[in-house]
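Below is one structure, written out as structure tokens; comments come after it.
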Number of protein chains: 2
Amino acid sequence: MRQESKKKATIYDLSVLSGCSASTVSAVLNGTWQKRRIKESTAELIRGLAEKHQYTANLQARGLRSSRSGLVGLLLPVHDNRYFSSMAQTFEAYVRARGQCPIVVSACRDPQEERQTVETLISYSIDELFVAGATDPDGVHAVCEAAGLKHINIDLPGTKTHSVISDNYEGGRLLTEAIIRHCDGDRPLQPEELYLFGGRNDHASRERIRGFREVKREIFGADPEECIQPTGYSPAMTQKAFETFYAREGRLPRAFFINSSINFEGLLRFLGQHPHETFADIVVGCYDYDPFGSFLPFPVIMIRQDVESMIAKAFEIIDQGRSPPQLHLIRPELVPPRTALMGPLDALKDID
Amino acid sequence: MRQESKKKATIYDLSVLSGCSASTVSAVLNGTWQKRRIKESTAELIRGLAEKHQYTANLQARGLRSSRSGLVGLLLPVHDNRYFSSMAQTFEAYVRARGQCPIVVSACRDPQEERQTVETLISYSIDELFVAGATDPDGVHAVCEAAGLKHINIDLPGTKTHSVISDNYEGGRLLTEAIIRHCDGDRPLQPEELYLFGGRNDHASRERIRGFREVKREIFGADPEECIQPTGYSPAMTQKAFETFYAREGRLPRAFFINSSINFEGLLRFLGQHPHETFADIVVGCYDYDPFGSFLPFPVIMIRQDVESMIAKAFEIIDQGRSPPQLHLIRPELVPPRTALMGPLDALKDID
DNA sequence: ATTAATTGCACCATCGATTGTGCAAAAAGA
DNA sequence: TCTTTTTGCACAATCGATGGTGCAATTAAT
């Protein structure tokens, strides 16, 4: 019994059809009918009509009335990146499981854009917001706070609300140690042969750099300043840093730590411009995991941030209401070269 | 003048504060005030108050009244993939530029989930829907049609509404030719040495396979049936296909065409289980572009689908209203091995 | 000085669902 | 049989913004 018109059925339509009041229809269809002591037979009748006329609730109306929307937001810096896109994938699954609607938006690492995007989401009365990798988490916090919106930081911490982040210091140490260990077979690595590229002045980069430097000091007893090359989070700038180094030294560093897969793309651009010999014997560590990155022609040790656990933890925290802001560290995983891990997509069935 | 309470200011609050009626406030703040002949000075007053009290419209209320929401949807199969995530990135930029709010959701290649997700989006009165890579575009169409929702297919075509897709036949030919050409330096390739892995019975796969087979027939005069190995779109199944082949033949095919980057991940999993010699001299073509994939230790020729043009075309079509359903082909680009292309992220400024 | 035209805004119904309240009819108890 | 309790539902206000309509007050035209 397909609705021939384009107009969707409302509770009023069903109210007329059933001879009941709109409030009764509403109660039946939103599950509160027992509380309202609606007869089973009435409920049955209305449910039948709803089915027949393909009724679905207008969620804007519901949201307006109840000032909740069933929408849960995830604010990302960018989509086009395996780390964040797998976060989106995992996030969606969690939100769906709770019967809500995930809404994922990116704000381009622009503090202004971040705040404005959140304002927009708030205007749609989203119920909760997950703020991932925000450039200015506390700015976002202020906006959420003013609107009474529950929110939580992921990946980059803020000071005003809970944050679930990768244990960047530990991860930085792990990765640095692994790089050094990997070079052990050959001529022992010298402190000035191990560089770090990428990142900026954010919490994650700082912690990773701290881990990197401490391990270098512990193992080498030295940690030359010039080995740290922060380039922001752009492929273009990272490429430039490699080009500059190469122009000066005539080669790449023997080993280096790259702060993220986005910076790693800068290395790729460099590689595309230079012959194979240029990087025949480098060892690379990357703080991010990308399956393709793991199989490059030189050893690439990667860190996989545990997105699944981070999202799980974040939901756990946001569900249990207010408590003083706290930092939750999730231990990342070291991924040896040439490793193809399973991802969120493996949870999907593939039909044919 | 920060609002101390958690409640957001409404037009009624401003109406009281300004001494004007709510409708006047509304008109001033939504830009229709000239049409309503509101005095400039009144408008000024109200705008000042709005600013002062940080008024932002409740978009659910607006949407309810006007039965439009300012939301534009993009339905993806999955997030966690460079092709679709760059599509999301580009889509967002376009929607933002029109002053609307992008909402990106994935439906896991499940026809049922696709329809249900769209139902949900419709309940939020989204204004338009872009359906990318849908398993069942015509099923989605039916749902949209019933709700009078403008929509368009991307990547996989439907028969009931406009579709903007990659020219898969041409792309398939391009890639196949490139693979064969690449092998020319060595001993000439034989028809039974060139395989195709991945894909399923969807339009894109069929067209790519058609291109592949035609080129093989043109060049080799032969096109053995067993060289086509559709495995669906899952890394796990693709890996299994490679393992099976390897178990039987003791090696990988000399050259092969992989239907998508997701299938390519299946190859990675295979590679992770086998020593380097196993794939010392293979040549791979992949119908998708991933910057890391381009730099693997064997030649990887890739096809980059022109996401930017596809999205642009889709917006163009959806803006110009109804017309008989048509298929719009966008020519993809052949990417030689070891190439790092720019992506949507390069449009972002990187601040520090 | 009238009448006509224009300006400037208020009033009110409306979008679709939710929810507190009230009240008849039916059932139970005395 | 008459009260008390329970059952089953209707009524109406409300969420916040929009837009058609109407009506004073002001300005212009005659």
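Keep in mind that the numbers below use all heavy atoms, side chains included, and drop hydrogens, waters and symmetry copies. Lettering follows sequence order; numbering is per chain, from 1.
Taking the charged nitrogens against the carboxylate oxygens, A/D127 and A/R98 have no contact shorter than 4.0 Å, which rules out a salt bridge. One finds no salt bridge joining A/K39 and A/E44 here, because no Lys/Arg side-chain nitrogen approaches an Asp/Glu carboxylate oxygen to under 4.0 Å. Remark: A/E40 engages A/R47 in a salt bridge, criterion side-chain N to carboxylate O under 4.0 Å.
For A/H79, the ring-ring contact (aromatic ring centres under 6.0 Å, His included) test picks out no residue, with sequence neighbours left out.
Between the side chain of B/S67 and the backbone N or O of B/G63, no donor-acceptor pair lies under 3.5 Å.
Taking atom CG on A/L64 and atom P on D/dA17, their separation rounds to 9 Å, with Å as the unit. Remark: P of C/dA17 and CG of A/N58 are 6 Å apart, rounded to the nearest angstrom. In this entry the distance linking CG of B/N30 with P of D/dG20 reads 12 Å, nearest Å.
In this structure, a donor-acceptor pair under 3.5 Å is absent between the side chains of B/S26 and B/S23.
Sequence neighbours left out, the pairs with a member in residues 309-318 of chain A that pass side chain to side chain donor-acceptor pair (under 3.5 Å) are A/D306-A/S309.
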Please enumerate all protein N or O atoms sitting under 3.5 Å from an N or O of nucleotides 25-27 of chain C, with distances to 0.1 Å.
none

Protein-nucleic acid N or O pairs under 3.5 Å, nucleotides 10-13 of chain D:
from: D/dA10; atom 1: OP1; to: A/G19; atom 2: O; distance (Å): 3.4
from: D/dA10; atom 1: OP1; to: A/S21; atom 2: N; distance (Å): 3.3
from: D/dA10; atom 1: OP2; to: A/S21; atom 2: N; distance (Å): 2.8
from: D/dA10; atom 1: OP2; to: A/S21; atom 2: OG; distance (Å): 2.9
from: D/dA10; atom 1: OP2; to: A/T24; atom 2: OG1; distance (Å): 2.6
from: D/dA10; atom 1: N6; to: A/R36; atom 2: NH1; distance (Å): 3.3
from: D/dC11; atom 1: N4; to: A/S23; atom 2: OG; distance (Å): 2.9

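Across the helix from C/dA1-D/dT30 to C/dA30-D/dT1, the helix axis at one end is tilted relative to the axis at the other end by 50° (nearest 10 degrees, each axis from five pairs).
If you check residues 42-50 of chain B against DNA chain C, the residues with a heavy atom closer than 4.0 Å are B/T42, listed by number.
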